[in-house]
Colleague: 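Here it is: the structure, laid out below.
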Amino acid sequence: MVTCSAPGKIYLFGEHAVVYGESAVACAVELRTRVTVVPAESTSITSGGQPLAIGEEPYIQNTLKIMEEFLALPPVSIRIDSEIPIAAGIGSSAALTVALLRALSIEFGVEMDLSLIAATAHRIERLVQGAASPTDTFVSTMGGVVVVPERRHLPPPGCKIVIGDAGIGTGAGAAMREKTGEMVLRVADLREAYPDAVDPVISAIGGLARSGVLLLEEGDCRGVGKLMNINHGLLEALGVGTTRLLRLVHAARDAGAFGAKITGAGGGGCMVALADNAREVAQGIERAGGKAMVVEIAQEGVRKE
Ligand code: PMV
């Protein structure tokens, strides 16, 4: 029996634009998915104590299929316990895939270093979602604050991170798990229809990520927050905002956050704020109808428990 855990992540900059090769900055957060694998008579899955049908779990199905490239995989019982809201922009699918790959590789003695875990998890996300950048899977595997495509670690922002869950686009079920792919497709359609308007937005987001890297290196949290606000406006321009997310973003800013934006694919799910006064910002988010979490940065990525 082996248990591994992997963290979720937030984007400080660059979701969606990263799909088109622009820079992005993501940060692993101390919300973990724990996966326990035990050799068994037949393969089964439980999540939070509830049984799941393998046919409805594309990330797990594809992970088991890909592990067959490394060994003849015997049946396993898979137990999932997750602190990460599902399909809400916090990288729940990446954390599940990374933790499961690591647990299976240790349990069955398959030599997989962290780079191979990250690359294999990215392959699985692509298989399930159609398009996926390597960001989520890399950050969940390695931990810390990372700029992509360079995959270089950056110093963490010297202020608190508050996540606000808007509640729409979250929950169990296959429709929710397709969300990221759907949102990526929506931006792709917009880009195809109006390339002259959308391409500059995408490259402006890349520019914000590059400027954000310099501010993080200088430890300028306030400046990072200002650029996050601009990034949020550009995500709205790409059509991935919702009324509820916008309300939480403004509630966080009104409560004194340095900056606040959507994190992840959008269309519901979560926003993220940087602040010194995390408690007040969390209260502001809750008053605006969101579920707030003050989270620590996860310096460590996937690990054996
Ligand atoms: O919502 P999440 O956590 O799956 O993040 C999606 C981020 C996108 O840039 C929209 C897609 C990707 O694969 O990078």
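Numbering of residues begins at 1 and proceeds along the displayed sequence. Order of listing sets the numbers, starting from 1, for every ligand and every atom in it. Note that the structure is predicted; figures quoted are calculated from it, not measured.
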Colleague: How would you list, by chain and number, the residues with a heavy atom under 4.0 angstrom from ligand 1?
Modeller: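 Contacting ligand 1 under 4.0 Å are K9, Y11, E15, H16, V18, V19, G89, I90, G91, A132, S133, D136, T180, V184, G264, A265.
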Colleague: Pairing donors with acceptors under 3.5 angstrom, does anything connect the side chains of S5 and E305?
Modeller: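 On atom types as modelled, these side chains qualify, holding a pair under 3.5 Å.
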Colleague: Which one of L227, I230, V18, V147 satisfies the side chain to side chain contact (heavy atoms under 4.5 Å, CB included) criterion with F13?
Modeller: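 Of the listed options, the one satisfying the test is L227.
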Colleague: Using side-chain heavy atoms (C-beta onward) and a distance below 4.5 Å, is V110 in contact with M67?
Modeller: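 V110 vs M67: side chains touch.
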Colleague: Around atom CD of E286, are there more than 12 heavy atoms of other residues, nucleotides or ligands at under 6.0 Å?
Modeller: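 Atom CD in E286 is packed in, count exceeds 12.
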Colleague: Show me the side-chain donor-acceptor pairs of residues 248-259 shorter than 3.5 Å, one per line, residues at least two apart or across chains.
Modeller:
residue: R253; atom: NE; partner: N229; partner atom: OD1; Å: 2.8
residue: R253; atom: NH2; partner: N229; partner atom: OD1; Å: 3.3
residue: R253; atom: NH2; partner: A260; partner atom: O; Å: 3.1

Colleague: Go through E125 and S93 one step at a time and tell me if the side chain to side chain donor-acceptor pair (under 3.5 Å) criterion holds.
Modeller: CA-CA 8 Å; E125 278 216 327; S93 56; 3.1 Å; yes
